[in-house]
Enquirer: 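Please see the structure below; I have some questions.
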There are 2 protein chains.
Amino acid sequence: MSYKYEYARAALTVDCVVFGLDEEDLKILLIQRDIEPFEGRWALPGGFVRLDETLEESAKRELEEETGIKKVFLEQLYTFSELERDPRERVISVAYYALVQLSNHRVKAATDARDAAWFSVNSIPSLAFDHEKILSLAHERLRGKVRYQPLGFELLPTKFTLRQLQHLYEVILDREIDKRNFRKKIQAMDILIELDEFEQGVAHRAARLYKFDRQKYKRMTKNGFNFEI
Amino acid sequence: MSYKYEYARAALTVDCVVFGLDEEDLKILLIQRDIEPFEGRWALPGGFVRLDETLEESAKRELEEETGIKKVFLEQLYTFSELERDPRERVISVAYYALVQLSNHRVKAATDARDAAWFSVNSIPSLAFDHEKILSLAHERLRGKVRYQPLGFELLPTKFTLRQLQHLYEVILDREIDKRNFRKKIQAMDILIELDEFEQGVAHRAARLYKFDRQKYKRMTKNGFNFEI
DNA sequence: CTAGTTAGTGTATTATCGACACTAACAAAA
DNA sequence: TTTTGTTAGTGTCGATAATACACTAACTAG
């Protein structure tokens, strides 16, 4: 079966930049290509868009097929259209970035006969296509957006300590933050629920756990409240 | 002549949201469709992407063909992919927004047998396709971005008064700004060149003209300077 | 020369930001 | 059980930035 059109059409793909956070640093998820072009090279998960799905649905599907990840925060990043970005033919790619709780997706078994692995954003191997460019734009966007939108919580488990939250901002913004000032600011925003639970199994004083109060945040933004780190 | 592909492909278009500013308010440029679907309805300028051009080139070409506008500030907005956004077939559209000096593009003659006209963002007619959605996202993006990037200057003539500049922010941000505080803030940024020229032909004291110092702004951003209104 | 209109300027109060250091709690090791 | 090591948790003060606010100067038109 084949499809005919009066004018030439570009192929359309989606690519996903998946961010995760652990105790050391910010990581992204890459897959190893098992077909040409760039066979064996690491690349962003992604693939061709079908006609019966929106771009976002397509990104979610590819992400699940290639890495097993589902139900993630996903947002459109940019559409890349350089003429020579794919050596086979004209391919235009819509990039998305995703934020996941890395602890839930620890070791990613190869789902589709490929390998998948987490890499620190500070030591990314050479990537296929223009994926390094996509990745660097995604990283920039995350850094910019995390300061005025509470995206960060997507990278943390539901219950987290203030230390984890601060660490998140330190890693993403790549600078140290004063502990007292940070806690002052967060508490002033009043968007966390203080739990009567504490972290477990640590060899020192256990820190209190908190939850992000999504409801309250939504209500507050309607009244012109401004989240800002 | 026709083109065959193994899998079905969506058609790809670009659409442009062109902003201009005059003495009253913020305006956008619309064209009247002369073919089905939505014949006679107002719509964003745009059209099909060719295989030998990037999306940005495509947006620039369509803009010139349909409205005569060239050499504008142009930035990608978002890619729209709802399944039913075009009644004919599956069409995915990459939206751009453009900022132009309205005074240079006053009355837009119909270039392509269509009519083109400026509309106040506060009184937009019913638009074709999902163009109202695109427009409203563009407006939101402009409002957000103008506060921390000096986009506004793209909407003003090269030489402008501080009153014009303030008016720009008042119109886009939709709130009044204190004259003295505004001037204090702008002068503290030190990104304007004070000219020895004054506005002409006004029935009151003439205001001094200024130019945006693009060079200096670039140098400053490299050193971590933060533009913020 | 008078009326009308906008340009251009400073200060005082309030809110926000940023630097900074100690005690409390707990687990592990001695 | 005592000591050691590690992180949790908390407040103040000075500097800086944000805001509110009103008058005189300059020019044109009638």
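Every chain is numbered from 1 and lettered A, B, ... according to where its sequence line falls, protein lines coming before strand lines. Basis for what follows: all heavy atoms, side chains included, without hydrogens, waters or symmetry-related copies.
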Enquirer: Residues in salt bridge (Lys or Arg N to Asp or Glu O under 4.0 Å) with Arg208(A), at least two apart?
Expert: Glu194(A), Asp196(A)
Enquirer: How would you list, by chain and number, every residue that makes a salt bridge (Lys or Arg N to Asp or Glu O under 4.0 Å) with Arg219(A), sequence neighbours excluded?
Expert: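 Once residues adjacent in sequence are excluded, Arg219(A) has no partner under the salt bridge (Lys or Arg N to Asp or Glu O under 4.0 Å) criterion.
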Enquirer: Could I get the full list of salt bridge (Lys or Arg N to Asp or Glu O under 4.0 Å) partners for Lys60(B), not counting sequence neighbours?
Expert: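 Checked Lys60(B) against salt bridge (Lys or Arg N to Asp or Glu O under 4.0 Å); matches are Glu56(B).
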Enquirer: Do Lys145(B) and Glu154(B) sit within salt-bridge range, that is, some charged N less than 4.0 Å from a carboxylate O?
Expert: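 A salt bridge is absent here (no side-chain N lies under 4.0 Å from a carboxylate O).
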Enquirer: Which residues satisfy the side chain to side chain contact (heavy atoms under 4.5 Å, CB included) test with Asn223(A), sequence neighbours excluded?
Expert: none
Enquirer: Per the salt bridge (Lys or Arg N to Asp or Glu O under 4.0 Å) rule, what does the pair list look like for residues 166-191 of chain A, sequence neighbours excluded?
Expert: Asp190(A)-Lys216(A)
Enquirer: When the side chains of residues 158-165 of chain A are checked against the rest of the protein, which donor-acceptor pairs come out under 3.5 Å, sequence neighbours left out?
Expert:
unit_1	atom_1	unit_2	atom_2	d
Lys159(A)	NZ	Glu197(A)	OE1	3.2
Lys159(A)	NZ	Glu197(A)	OE2	3.0
Thr161(A)	OG1	Arg163(A)	N	3.4
Thr161(A)	OG1	Gln164(A)	N	3.1
Gln164(A)	OE1	Thr161(A)	N	2.9

Enquirer: Which residues, if any, of residues 197-205 of chain A bring a heavy atom under 4.0 Å of DNA chain C?
Expert: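 The answer is Val202(A), Ala203(A), His204(A), Arg205(A).
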Enquirer: Enter the distance from Ser103(A):OG to Leu156(A):CG here, rounded to the nearest 0.5 Å.
Expert: 9.0 Å
Enquirer: Please give me every residue in residues 221-229 of chain A whose heavy atoms get under 4.0 Å of an atom in DNA chain C, ordered by residue number.
Expert: none
Enquirer: Please collect all salt bridge (Lys or Arg N to Asp or Glu O under 4.0 Å) contacts where either partner lies in residues 123-135 of chain A, sequence neighbours excluded, each pair once.
Expert: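 Pairs touching residues 123-135 of chain A that pass the test: Arg85(A)-Asp130(A).
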Enquirer: If only side-chain N and O atoms count, and only distance matters, is there a donor-acceptor pair under 3.5 Å linking Thr79(B) with Thr79(A)?
Expert: yes
Enquirer: Could you tell me from which nucleotide to which nucleotide of DNA chain C, 5' to 3', there is an atom under 4.0 Å from chain B heavy atoms?
Expert: dG4(C) to dT11(C)
Enquirer: Sequence neighbours excluded, which residues qualify as salt bridge (Lys or Arg N to Asp or Glu O under 4.0 Å) partners of Asp213(B)?
Expert: none
Enquirer: Identify whether the distance between the nearest side-chain nitrogen and carboxylate oxygen of Arg61(B) and Glu65(B) falls below 4.0 Å.
Expert: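 A salt bridge links Arg61(B) with Glu65(B).
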Enquirer: Could you identify which residues of residues 176-187 of chain A place a heavy atom less than 4.0 Å from some atom of DNA chain C, listed by residue number, or say none?
Expert: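 Heavy-atom cutoff 4.0 Å gives Asp178(A), Arg180(A), Asn181(A), Lys184(A).
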